[in-house]
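Just follow the structure's listing: the first ligand is 1, and inside any ligand the first atom is 1. These figures come from a predicted structure and were not determined experimentally. Side chains are part of it too, since the values below use all heavy atoms of this structure and drop only hydrogens, waters and symmetry mates.
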Amino acid sequence: MPAPQHCPTPRELDDLEVLLSGALAPRTTFDDQLTLVLPAELAEVVAAGDEVELVDPEGLPLARYSREGLVALGAAAYGPFRRLQLTPAQAREAHAGALVVPVAAPLSEADLAFVGERAAGRDVVLLTLSGTGTPQDVSPVGLVRTSLVAARLLTAADTPAHVVVVPLPAHGDADLDHALGQQVAAAYGEDVVALPPDDDGSWPDEIAAAVAQDQPGDEDRGVVVLFTGLSGSGKSTLARALHDLVLEDGRRTVTSLDGDVVRRHLSAGLSFSKADRETNIRRIGWVAAEIARHRGVAICSPIAPFDATRQQVRAMVEDAGGELVLVHVATPLEECERRDRKGLYAKARRGEIPEFTGISSPYEVPADADVAIDTTGRSVEDCLAELLPHLPFGLEGPA
Ligand SMILES: Nc1ncnc2c1ncn2[C@@H]1O[C@H](COP(=O)(O)OS(=O)(=O)O)[C@@H](OP(=O)(O)O)[C@H]1O
Ligand SMILES: Nc1ncnc2c1ncn2[C@@H]1O[C@H](COP(=O)(O)OP(=O)(O)O)[C@@H](O)[C@H]1O
């Protein structure tokens with residue numbers, strides 16, 4: 001029987017790469033500090049002395065994992081700046097005798113002066129620690145870009161500098177992360193110097209520009225507006241009105257992911273069981289997060305009745321660098337049922353539609369909504385005016 005496969009989290013995948021590179025020797029496998037959390041059934045496989053195959057998100061086998069440790073299967077080949085990811089052995093060969101400087105944040109003017117002074121003419125390796133959650137002020141790939149700029153500036157000032165990337169992630173424990181950073185740096189060279197702390201962080205213009213490009217202002221961050229509420233509460237109507245307003249404004253691209261429309265395409269075939277509703281919302285969240293990653297606006301209007309699934313959408317959007325605006329369309333059940341545009345409530349009351357939200361299936365009221373709008377007895381324009389101040393990109397109502 002082939003070993004069962006498992007795709008670790010981004011943090012675990014980073015740890016896996018660093019462990020396999022030898023940069024954490026004598027540590028060579030996951031342990032109590034560098035944890036690998038397996039689903040219960042796979043944890044049992046390992047506990048029984050068998051192997052699990054660890055794969056990347058596309059299914060490429062990376063390593064075999066068992067109680068005995070890790071065995072590398074294939075090196076991950078993709079990802080930005082992979083050519084700069086050298087193992088300690090490769091880096092020591094390519095940059096013998098260089099001064100190693102661990103870098104976890106964009107270098108400031110003072111940092112550059114410090115490195116130039118300490119190098120005193122020697123080559124420098126800017127050991128850029130760009131794993132999940134490690135860089136300060138920028139994304140992991142943004143940190144590498146700022147290090148490349150820093151290397152150019154140092155080289156131009158007669159300190160030949162090179163960038164080597166290590167995907168050392170953060171583990172939520174500052175002491176552990178500091179110790180790991182030191183351990184990794186020592187693996188890359190004999191001569192390591194740490195940047196002084198408490199720098200005022202004033203960046204040279206070129207580095208400031210790379211940071212600014214990496215961190216869009218609120219005006220261009222991706223935004224996902226998630227309308228949640230009972231059937232007939234007014235989600236689609238408000239979503240459509242907001243969609244048109246974004247188009248009229250013209251500054252942003254916008255995609256609508258309406259509940260009914262998604263169910264005819266992306267989620268065709270799914271039922272209204274709890275599990276299928278969760279799948280439906282996670283699919284919407286996944287697409288919306290991709291839209292946010294490209295700095296677009298996504299407007300979603302499913303019922304999304306479960307808090308835990310809405311939280312998953314929030315996490316997906318934020319991981320993609322976007323902002324989630326959660327709008328609870330809080331029209332009470334009585335009013336939704338009175339409207340009963342599609343005759344569904346009447347059918348649900350007669351027992352002809354099982355698991356109908358609000359009647360025979362729960363709706364968990366969000367505690368984390370940015371705004372709750374009861375549309376009862378109000379115009380669409382009025383409700384929209386209540387919503388607009390909660391959007392991060394300053395939209396004005398219809399003229
Ligand atoms: N059992 C049951 N419960 C709730 N809703 C039902 C059900 N069966 C069909 N419909 C119709 O499907 C629309 C809701 O689909 P969603 O994808 O938004 O629901 S969910 O978020 O997956 O819970 C919902 O549309 P809206 O009225 O636009 O909300 C209903 O028209
Ligand atoms: N202020 C309002 N905002 C949104 N919808 C309203 C409002 N007042 C009345 N309605 C009516 O309520 C119904 C809401 O239906 P819809 O937008 O499809 O809800 P949902 O998508 O939540 O099922 C529509 O018939 C709409 O015209």
Using a strict cut-off of 4.0 Å, indicate which atoms of ligand 2 neighbour a heavy atom of Cys383. 1 (N)
Between Arg310 and Glu364, does at least one N-O distance fall below 4.0 Å, as a salt bridge requires? no
What protein heavy atom sits nearest atom 8 (N) of ligand 2, and how far away is it? Arg378 O, 3.4 Å
For Ser379, atoms of ligand 2 separated by under 4.0 Å from a heavy atom: 1 (N)
Flag the pair Arg277 and Glu355 as a salt bridge only when some basic side-chain nitrogen lies within less than 4.0 angstrom of an acidic carboxylate oxygen. no
Not counting sequence neighbours, which residues clear side chain to side chain contact (heavy atoms under 4.5 Å, CB included) with Ser66? List them please. Glu51, Glu68
Salt bridge flag under 4.0 Å for residues Glu53 and Arg64: no
Around atom NE2 of His178, are there more than 12 heavy atoms of other residues, nucleotides or ligands at under 6.0 Å? no
Interatomic spacing from OG1 in Thr237 to CG in Leu242 - rounded to 0.5 Å: 12.5 Å
Report the part of Ser233 (side chain from C-beta onward, or backbone N, CA, C, O) that has a heavy atom under 4.0 Å from ligand 2; answer both or neither where that applies. both
Ligand 1 N/O to protein N/O, distances under 3.5 Å:
unit_1	atom_1	unit_2	atom_2	d
ligand 1	1 (N)	Pro354	O	3.4
ligand 1	1 (N)	Glu355	O	2.8
ligand 1	3 (N)	Arg277	NH2	3.1
ligand 1	3 (N)	Thr357	N	3.4
ligand 1	15 (O)	Arg263	NE	3.4
ligand 1	17 (O)	Arg263	NE	2.6
ligand 1	17 (O)	Asn280	ND2	2.8
ligand 1	18 (O)	Ile303	N	2.8
ligand 1	21 (O)	Ile303	N	3.2
ligand 1	21 (O)	Ala304	N	2.8
ligand 1	22 (O)	Arg263	NH2	2.9
ligand 1	22 (O)	Asn280	ND2	2.9
ligand 1	23 (O)	Arg277	NH1	2.9
ligand 1	25 (O)	Asp260	OD1	3.1
ligand 1	25 (O)	Lys342	NZ	3.4
ligand 1	27 (O)	Ser231	OG	2.6
ligand 1	27 (O)	Lys342	NZ	3.2
ligand 1	28 (O)	Asp260	OD2	3.0
ligand 1	28 (O)	Lys342	NZ	3.4
ligand 1	29 (O)	Lys235	NZ	3.0
ligand 1	31 (O)	Lys342	NZ	3.1

Of all the non-hydrogen atoms in the protein, which one sits nearest to atom 23 (O) of ligand 2, and at what distance? Gly232 N, 2.6 Å
Quick one: does Leu230 get a heavy atom under 4.0 Å from ligand 2? yes
Can you tell me the protein heavy atom closest to atom 21 (O) of ligand 2 and the distance? Ser236 OG, 2.6 Å
Ion pair present between Glu206 and Arg152, side-chain N to carboxylate O less than 4.0 angstrom? no
Atoms of ligand 2 close to Ser231 [distance to a heavy atom under 4.0 angstrom, numbered from 1]: 23 (O)
Top protein contact for atom 27 (O) of ligand 2, by heavy-atom distance: Thr237 OG1, 4.4 Å
Just need the protein heavy atom nearest to atom 19 (O) of ligand 2, so name the residue and atom and give the distance. Gly234 N, 3.1 Å
Checking heavy-atom distances from atom 18 (O) of ligand 2 to each of Glu335, Arg240, Glu386, Arg341, the winner is Arg341
Between Arg11 and Asp15, is the closest basic N to carboxylate O distance under 4.0 Å? yes
If the condition is side chain to side chain contact (heavy atoms under 4.5 Å, CB included), which residues does Val365 pass it with, not counting sequence neighbours? His328, Tyr363
Among all the protein's non-hydrogen atoms, which is closest to atom 9 (C) of ligand 2, and how far away is it? Arg339 NH2, 3.6 Å
Does this structure show an ion pair linking Lys342 with Asp260, if we count only N-O contacts that are shorter than 4.0 Å? yes
Only counting residues at least two apart or in another chain, list the ones meeting side chain to side chain contact (heavy atoms under 4.5 Å, CB included) with Arg282. Glu278, Thr279, Thr309, Gln312, Met316
For the residue pair Ser130 / Thr128, report whether a side-chain donor-acceptor contact shorter than 3.5 Å exists. no
So which protein heavy atom does atom 2 (C) of ligand 2 come closest to, and at what separation? Thr375 CB, 3.5 Å
If you measure from each non-hydrogen atom of Ser301 to ligand 2, which part falls under 4.0 Å: side chain, backbone, both or neither? neither
Would Arg263 pass as a cation-pi partner of Phe272, given that its NZ or CZ must be under 6.0 Å from the six-membered ring centre and within 45 degrees of the axis? yes
